[in-house]
Structure formats: C-alpha cells, structure tokens
Amino acid sequence: MPTVLRIKGYRIGFYAVDWHEPAHVHVSKRGCAAKVWLDPVELERNYGFRPDELRDIVQILERYENEILRAWNEFFG
C-alpha cells in the first residue's frame, strides 16, 4: 500500500488493486481502519475508529485532498 501521508499517527494510502474504483484512501491507526472516498471526502467503511477520530480523519483528508488526489492520479495515471 503506497503511503501518501502520515499525520497524527494515521497512515493514509491506497492499494494498487483499487485502480477500478473512484479515488479513495485507506486510513489505519492502532489496529483500526477506514476507507474514505475523495472528491468529496466521505466515509465509506469504518473498522473501529471512534466518532471523534473519524471527524479528525475527515478534517485531515479535506485539508490534504488536493495532494492526495495528485498522488492517486500520478500512481494510477
């Protein structure tokens, strides 16, 4: 999984096999995981994050959305 960003202990990246889906990232931290769509940022799945952590994740992704989308487009061409 290419890591696009590490911030506040969150690892944010995507899987090479996800090329057929709309742009999104997988976020992990301390055994929890989430899948979040980009453009617009929207939670798709959550595995263990608390509501306050999900709010934090959404804020981070909204702040870095352009950079993450650029990395997605560069990787998947």
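Note that these values count all heavy atoms, side chains included, but never hydrogens, waters or copies made by symmetry.
Between G48 and C32, the shortest heavy-atom distance links the atoms O-SG, 3.3 Å.
With D56 as the partner, the salt bridge (Lys or Arg N to Asp or Glu O under 4.0 Å) test is satisfied by one option alone out of R63, K29, K8, R50: K8. Of the candidates D39, V4, L38, D18, W72 forms a side chain to side chain contact (heavy atoms under 4.5 Å, CB included) with just one, namely D18. Checking each of V36, V25, I57 against V41 for a side chain to side chain contact (heavy atoms under 4.5 Å, CB included) leaves exactly one that passes, namely V36.
Here the CD-CD distance, from E21 to E44, works out to 7.5 Å after rounding to the nearest 0.5 Å. The distance from the CD1 atom of I7 to the OH atom of Y64 is 4.0 Å, given to the nearest 0.5 Å. Atom CG of L43 sits about 5.5 Å away from atom CG of L54, to the nearest 0.5 Å.
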Quiz item: Given R30 and E53, is the side-chain contact (heavy atoms from CB on, under 4.5 Å) satisfied, shown in steps?
Solution: CA-CA 12 Å; R30 295 184 330 269; E53 293 173 309; 2.6 Å; yes
Exercise. Let me see the working for I60 and L5 under side-chain contact (heavy atoms from CB on, under 4.5 Å), right down to the final yes or no.
Key: CA-CA 10 Å; I60 290 167; L5 183 65; 4.1 Å; yes
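Linking ILVMFWY side-chain heavy atoms closer than 4.5 Å, directly or via other members, places Y15 and L61 in two distinct hydrophobic clusters.
W37 is linked by a ring-ring contact (aromatic ring centres under 6.0 Å, His included) to H24, counting only residues two or more places apart in sequence or in another chain. For F49, the ring-ring contact (aromatic ring centres under 6.0 Å, His included) test picks out Y10, with sequence neighbours left out. Checked against side-chain contact (heavy atoms from CB on, under 4.5 Å), F75 has the following partners two or more places apart in sequence or in another chain: P2, F14, A16.
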